[in-house]
There are 2 protein chains.
Amino acid sequence: MSLEKLGTEVRRRQIAAAALEALAAGGPKALSVGAVARRVGLVPSAIYRHFRGKDEMTVAAIGLFRERIMENIRAVREESPDALERLESVLNRHVRMIRDNIAMPRVVFSDSLAGGPAGAKKLVLGNIRLYLDGLADIIKEGQAAGTIRPELAPETTAVMFLGLIMPAAILWHLTEGGFDVTRHAARAWSTFRNAIAVNTSSQKRGGR
Amino acid sequence: MSLEKLGTEVRRRQIAAAALEALAAGGPKALSVGAVARRVGLVPSAIYRHFRGKDEMTVAAIGLFRERIMENIRAVREESPDALERLESVLNRHVRMIRDNIAMPRVVFSDSLAGGPAGAKKLVLGNIRLYLDGLADIIKEGQAAGTIRPELAPETTAVMFLGLIMPAAILWHLTEGGFDVTRHAARAWSTFRNAIAVNTSSQKRGGR
DNA sequence: CTCCTTTGTGAACATGAATTCACATGATAC
DNA sequence: GTATCATGTGAATTCATGTTCACAAAGGAG
């Protein structure tokens, strides 16, 4: 097959990436040692040169995923100083990720890994927590800057933000692309923005 | 084991229920013929007296789930004529379902079934569609009655409503009950309600 | 060039889960 | 009460997948 031999560091990355793709494309069932190996152009047993077993491979895939998603959030921080614009940008990036990868919904939103390795569940949870923290930070800064309503709980708002995308992502891949994620995101954002932004006109109604 | 023999109709229901529970408790991995059989107090091969195979069993479980969830929505319609109150009630029922079953997130929100039988994916999609339609109907009625903002797209709003619960459900079972779903639902609802309710005070700002 | 380590290969092995089948046993009609 | 059919059982079969192992080949060090 592939005549070349590569260093184990390179291979580990390749394999982790392939595993993530496999997971994205076919769900947990497609995350088999054989399938991943074939993606990289290797034979199943070769995987064991670079990983202790399937579990370690899965963990590596989740780790790679975290890198990508956090990079996503980090980049947004540099785009704009305004919290609302940042959130909108995150949302748009999500939409793009959904249309490219489909990995996001499968990894973060799904329970795919729950039945997998013991640590996977905690890792996924860790990813989500990190991500939510990132969102919550943006929100807090927005509140400090006076653009986001101060009476909102940042954590709750972050989870709600996640809720703007999650169902859309599920629908997208359940309909195999038939659901218009972009349109949904645009409309939902419009409503959500109104809900969390400080009113520009001269009003100050209470939260409830 | 179980000395009694039951009619196949009764058994089918029992098995479907057990399958749903198994799915709820342990995810797709736990949805094995053997595990389900054990739950009912049968031996694996006995399942084949009532179902053609695992796929048909899975489909039955999804069907049973649809019954339950739609019953949930139907009941709310009788509780109150007001759209907002109905939505709040649906939300509360969801919270309760999450804490009892955990079946909901696993079935509706997850891709668990994607790798399963060919038809399962479409069935799950059908369930979600039905559910969203039910929500959208409530929203439309609210708009007609003048309690929900008319400029909102009912479908988008229904999906957003789903987004109030979905991430919370995932977090709930990822943290094994550590995430406070009730509190999140209460807070998120407060914000969401403000976003979709017609302002009672004398204002009429545009949607965007 | 030669040696030695690392990486890749194919076959073999283990395991778990779905499915089938011959047989047993409960329920039911006559 | 007996015959019959539906339901339940346990063993056997098949299949997919994770994993191990002995061997081959690439690539660098000397």
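Just so it is clear: chains get the letters A, B, ... in the order the sequence lines come, proteins before strands, and each one is counted from 1. Hydrogens, waters and symmetry mates are skipped; everything else that's a heavy atom, side chains included, is used.
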Exercise for the section: Measure from the side-chain N and O atoms of A:Arg66 to the backbone N and O of A:Asn127, and report whether any donor-acceptor pair falls under 3.5 Å. Expected result: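 Not a single qualifying donor-acceptor pair exists.
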
Problem - Expected output: side-chain B:Thr8 to main-chain B:His50 donor-acceptor under 3.5 Å - result: no

Handout entry: Minimum heavy-atom distance between B:Pro150 and B:Val198, given as atom pair plus value
Key = CD-CG2, 4.5 Å

Rounded distance in Å - [atom1] ([X]) to [atom2] ([N]):
X       : N      : atom1 : atom2 : answer
A:Arg12 : C:dT7  : CZ    : C1'   : 15 Å
A:Arg38 : C:dG8  : CZ    : P     : 17 Å
A:Tyr48 : D:dT17 : OH    : C1'   : 8 Å
A:Ile15 : D:dG18 : CD1   : P     : 14 Å

Completion exercise
The residue, B:Lys54 or B:Arg49, whose nearest nucleotide of DNA chain C is more 5′ is B:Lys54

Handout entry: No-H, no-angle donor-acceptor pair, B:Ser45 side chain to D:dG10 base, under 3.5 Å
Key = yes

Handout entry: Contact nearer the 5' end of DNA chain D, comparing A:Val33 with B:Val43
Key =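 First, find each residue's nearest nucleotide; the 5'-ward one identifies B:Val43.
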
Practice task
Check A:Glu141, A:Glu85, A:Glu71 against A:Arg77 for a salt bridge (Lys or Arg N to Asp or Glu O under 4.0 Å) and give me the one that passes.
Solution key: A:Glu141

Exercise for the section: Determine: side-chain N/O of B:His50 to OP1/OP2 of D:dG8, distance under 4.0 Å, yes or no. Expected result: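 Looking at the OP1 and OP2 atoms of D:dG8, one of them is under 4.0 Å from a side-chain N or O of B:His50.
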
Handout entry: Residue-phosphate contact under 4.0 Å: A:Arg11 side-chain N/O, C:dG8 OP1/OP2
Key = yes

Practice task
Using a 4.0 Å heavy-atom cut-off across all strands, classify B:Ser32 as base, sugar-phosphate, or nothing.
Solution key: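 Contact class for B:Ser32: sugar-phosphate only.
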
